Colleague: 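Can you keep this structure in mind? I'll have questions shortly.
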Amino acid sequence: MAELNAMRHSAAHIMAEAIQRLYPAAQFAYGPETEDGFYYDVKLPEGSITEEDLPRIEKIMREIIKGKHLFARELIPREEALKLFADQKFKVLTLNNLLKDEPVVSVYRQGGFVDLCRGPHVSNTAEIGAVKLDRIAGSYWLGDAKNEPLQRVYGLCFPTKQELDEYVHRMEEARKRDHRLTGKQLKLFSFHDEGPGFPFMLPKGRTLFNLLVAYNRANNDARGYVEIHTPAMLVEDLWKTSGHAEYYREHMYFAEVDERQFAIKPMNCPGGLLVFREELRSYRDLPMRVAEFGLVHRHELSGVLHGLFRVRAFTQDDAHIYCAPEDLRKEIVDIIDLTLETYRDFGFNEFTIYVATRPEKAIGEPEAWERATAALKEALDAKGMAYKIKEGEGAFYGPKIEFNVKDCIGRQWQLGTAQVDFFLPQRFGLEYIGADGAAHTPVMIHRAIFGSLERFLGILIEQTMGAFPAWIAPTQATVLPITDAQNEVARGVWARLKKAGVRAELDVSPERLQKKIRNAQLQKIPYMLVLGGKEAESGMVAPRLRDGRDLGAMPLEDFIAGFKRVEAARAQELWLE
RNA sequence: GCCAGCGUAGCUCAGUGGUAGAGCAGCUGAUUCGUAAUCAGCAGGUCGUGGGUUCAAUCCCCACCGCUGGCUCCA
């Protein structure tokens, strides 16, 4: 791995040399290796690098690689390096900041190019394997949007041409899983110019969505949650109390009505807090677990929108748990259990857990943040769950546990979350009367299992490629009469299925059976009930499964019974023997 | 929001400085056919929007909108 990294990092230097040949005034920032290659952040003083440049850069890189130039490491005094890189402003900045206390720095030379670099590198350029420039993206100096914008040129680099080709092929295949493609093919959801970032749920997508809600609601009920619904729009004063008006303003939509300023909710918590405060609460009422399927609107930057994964309006399977401080850990453990159970039911076994800590813009005392963060870590430790820390990535009101999963091409997305919050209860003056007769402030936990139903649906689509397990497939079965002569019987079969609670369709189009099957396959419908003359006479159907298996003729009631077993088991398999 | 690319029929895509095609889908007709595409005909687009250059723009230029990939940000 170390060698591969050195090779990729060396490829970045070679790309920089190639770019410098084409654009002698190019300024170079950082050029590290990545999981599949490398990139280099570059600034052209005039104009910019475009895709047309990539083949030219690649060609020069190949020449350099063939040239077998040695990578020579030199240690030079920092002062000397400052002179050497006098016309490379980002190198000067690095020398004067990151490396300001280093008396000696290392530089690497290969051919006609020299770069400030810690190394290591391969010994000569011919040791670079297969290289392919991938794409150009924007970036910022030191990754900060307030700094100078740069261009990031990404390259792929593998030891052999074969590995590179395999990787490219694998990525092409993975891209076919994209939920945006499947969503269009299966007519699950859509987007329109008239509402950028606002998803439209089509009948089949909405069916899936409703099934997710029903699933989650059943779990909540079993665990002593109650459910509420709070308004989409509330007066701005409320958002001042909650801190959103100050800490979350740029993500919010506002409206003025009757000379009063309103905000559309970006989160459900403030509304929920008002409900808690409606009555005098007793310690006997706690923990109070209050769920809400809340549609929130957040004005996200246009460039970050991404199918169902990143939208401007989405539904959270939200819940707020109010409890006494001593119950905190138990409640968090319960949330972790519920989350893992849910993910398992949907076939997700690979996810990463993070604990996100206090961000720069935050309300409350650092000491309370410490306690809240510790509570989250202790709960995870108690469950023996491995997790990583995301410094400064908590919500403005509290630290959080994040459950992240990967999409088809390896990007990570957050689904579930559990957030401890000492501050909003305080700001809203929440109280409960303790056993001691005195008023106490409850602790609040914000939690979501799916996170965003839309995002979860997107992930589910990518995982299944639209071939959903039978229990959640929007259309579970379709009845396929072979000729018009069976249409009437087919209609009866269809009605029977509907009555039995099967989400069924009927295809009486004047097409041949092959075509009907093909259409059903393309829609990834799990069960195709073929109905020919033989079956029509005997009250049978001949189920064909989505995976191609032909179960042969069987009485309709037998099919329904078998289907019910699969559905009840939430089985990944389509038929249980 | 930033950088680059893209935007042609419902969908997938071809194409040209002289106002556009294909396949699928749709409609009509014929076919009634046992496990992934029956045949024929018809219809369908102010080529994202608005400016500009030009005798003439879908094609060239500019702006805007949207989408894609990344950056930053996030469920």
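Just the heavy atoms: all of them, side chains too, but no hydrogens, waters or symmetry mates, feed the values below. Proteins get letters first, then strands, A, B, ... in listed order; numbering begins at 1 in each. Since we're looking at a predicted model, the values are computed, not measured.
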Colleague: Please confirm whether A:Phe346 and A:Phe450 have ring centers closer than 6.0 angstrom.
Modeller: yes
Colleague: Is A:Arg447 close enough to B:A75 that one of its side-chain N or O atoms is under 4.0 Å from OP1 or OP2 there?
Modeller: no
Colleague: Using the six-membered ring for Trp and the full ring for Phe, Tyr or His, decide whether A:Trp413 stacks on the six-membered base ring of B:A75 (centres under 5.5 Å, planes under 30°).
Modeller: no
Colleague: Are OP1 or OP2 of B:C11 and a side-chain N or O of A:Lys187 less than 4.0 angstrom apart?
Modeller: no
Colleague: What nucleotide among B:A75, B:G70, B:A37 has an atom nearest to a side-chain atom of A:Gln316?
Modeller: B:A75
Colleague: If B:C71 has a Watson-Crick or G-U wobble mate with both distances under 3.5 Å, name it; if not, just say none.
Modeller: B:G1
Colleague: Starting at CE of A:Met252 and ending at P of B:C74, how long is that distance when rounded to a whole Å?
Modeller: 16 Å
Colleague: Under a 4.0 Å N-O cut-off, is there an ion pair linking A:Arg491 with A:Glu488?
Modeller: yes
Colleague: Return the value, rounded to whole Å, for the distance between atom OH of A:Tyr40 and atom P of B:C71.
Modeller: 18 Å
Colleague: Over how many whole Å does the gap from A:Glu537 atom CD to B:G34 atom C1' extend?
Modeller: 14 Å
Colleague: Is any side-chain N or O of A:Glu51 under 3.5 Å from a base N or O of B:G69, one able to act as donor and the other as acceptor?
Modeller: no
Colleague: Could you tell me if A:Ser242 and A:Tyr397 have a donor-acceptor pair between their side chains, going purely by distance under 3.5 Å?
Modeller: no
Colleague: Nearest to the side chain of A:Leu301, heavy atoms from C-beta on, is which of B:C67, B:C73, B:G1?
Modeller: B:G1
Colleague: Among A:Arg217, A:Lys265, A:Arg447, find the one that has a salt bridge (Lys or Arg N to Asp or Glu O under 4.0 Å) with A:Glu292.
Modeller: A:Lys265
Colleague: Look at the side-chain N and O atoms of A:Gln521 and state whether any lies under 4.0 Å from the OP1 or OP2 oxygen of B:A36.
Modeller: no
Colleague: Across all strands shown, which nucleotide pairs with B:U35 by Watson-Crick or G-U wobble geometry, both distances under 3.5 Å?
Modeller: none
Colleague: Please check the phosphate of B:G1 (OP1 and OP2 only) for any side-chain N or O of A:Ser302 closer than 4.0 Å.
Modeller: yes
Colleague: Between A:Arg411 and A:Glu462 (salt bridge meaning N to carboxylate O under 4.0 Å), is one present in this structure?
Modeller: no
Colleague: Considering only atom P, compute the distance from B:G52 to B:U58 and round it to an integer number of Å.
Modeller: 13 Å
Colleague: Say you pick atom P in B:G26 and the same atom in B:G7; how far apart are they, in whole Å?
Modeller: 27 Å
Colleague: Does the base of B:C74 carry an N or O that pairs as donor and acceptor with the side chain of A:Arg455 under 3.5 Å?
Modeller: yes
Colleague: Could you tell me whether A:Asp550 and A:Arg544 make a salt bridge, using a distance below 4.0 angstrom between a side-chain N and a carboxylate O?
Modeller: no
Colleague: Given that both distances must come in under 3.5 Å, which nucleotide forms a Watson-Crick or G-U wobble pair with B:G17?
Modeller: none
Colleague: Could you tell me whether A:Glu341 and A:Arg344 make a salt bridge, using a distance below 4.0 angstrom between a side-chain N and a carboxylate O?
Modeller: no
Colleague: Using only heavy-atom distances, decide whether a donor-acceptor pair under 3.5 angstrom links the side-chain of A:Arg310 to the base of B:C73.
Modeller: yes
Colleague: Looking at B:G1, I'd like to know if its phosphate oxygens (OP1 or OP2) sit under 4.0 Å from a side-chain N or O belonging to A:Lys146.
Modeller: no
Colleague: Taking atom C1' of B:A75 as reference, at what distance in whole Å does atom NE2 of A:His251 sit?
Modeller: 12 Å
Colleague: Among B:A36, B:A25, B:C67, which is the nearest nucleotide to the side chain of A:Lys515?
Modeller: B:A25
Colleague: Can you tell me the base-pairing partner of B:G26? Count Watson-Crick or G-U wobble geometry only, both distances below 3.5 Å, and say none if there is no partner.
Modeller: B:C42
Colleague: Determine, for A:Asp53 against A:Arg56, whether the closest basic-nitrogen to carboxylate-oxygen distance falls under 4.0 angstrom.
Modeller: yes
Colleague: Would you say A:Arg411 reaches B:G70's phosphate, i.e. side-chain N/O to OP1/OP2 under 4.0 Å?
Modeller: yes
Colleague: Quick check on B:U68: is either OP1 or OP2 less than 4.0 Å from any side-chain nitrogen or oxygen of A:Arg175?
Modeller: no
Colleague: Round to the nearest Å and state the distance from A:Glu393 atom CD to B:U72 atom P.
Modeller: 10 Å
Colleague: Please check the phosphate of B:G69 (OP1 and OP2 only) for any side-chain N or O of A:His306 closer than 4.0 Å.
Modeller: yes
Colleague: Could you work out which one of B:C71, B:A36, B:A4 sits closest to the side chain of A:Gln151?
Modeller: B:A4
Colleague: What is the distance from CG of A:Leu551 to C1' of B:G34, rounded to the nearest Å?
Modeller: 16 Å
Colleague: According to the Watson-Crick and G-U wobble definitions, with both distances under 3.5 Å, which nucleotide is paired to B:A9?
Modeller: none
Colleague: Tell me: CZ of A:Arg152 to P of B:C2, nearest whole Å?
Modeller: 18 Å
Colleague: Quick one: is B:A4 close enough that its OP1 or OP2 comes under 4.0 Å of any side-chain N or O from A:Ser48?
Modeller: yes
Colleague: Please state how far atom CZ in A:Arg512 lies from atom P in B:A30, giving the value in whole angstrom units.
Modeller: 18 Å
Colleague: Quick check: on RNA chain B, is the nucleotide nearest A:Phe191 upstream (toward 5') of the one nearest A:Leu522, or the reverse? Name the residue that is more 5'.
Modeller: A:Leu522
Colleague: In whole Å, measure the gap between the C1' atoms of B:U8 and B:G48 for me.
Modeller: 10 Å
Colleague: For B:C60, give the paired nucleotide (Watson-Crick: N1-N3 plus N6-O4 or O6-N4; G-U: N1-O2 and O6-N3; both under 3.5 Å), or none.
Modeller: B:G52
Colleague: Nearest to the side chain of A:Tyr140, which nucleotide is it out of B:C2, B:A75, B:G70?
Modeller: B:C2
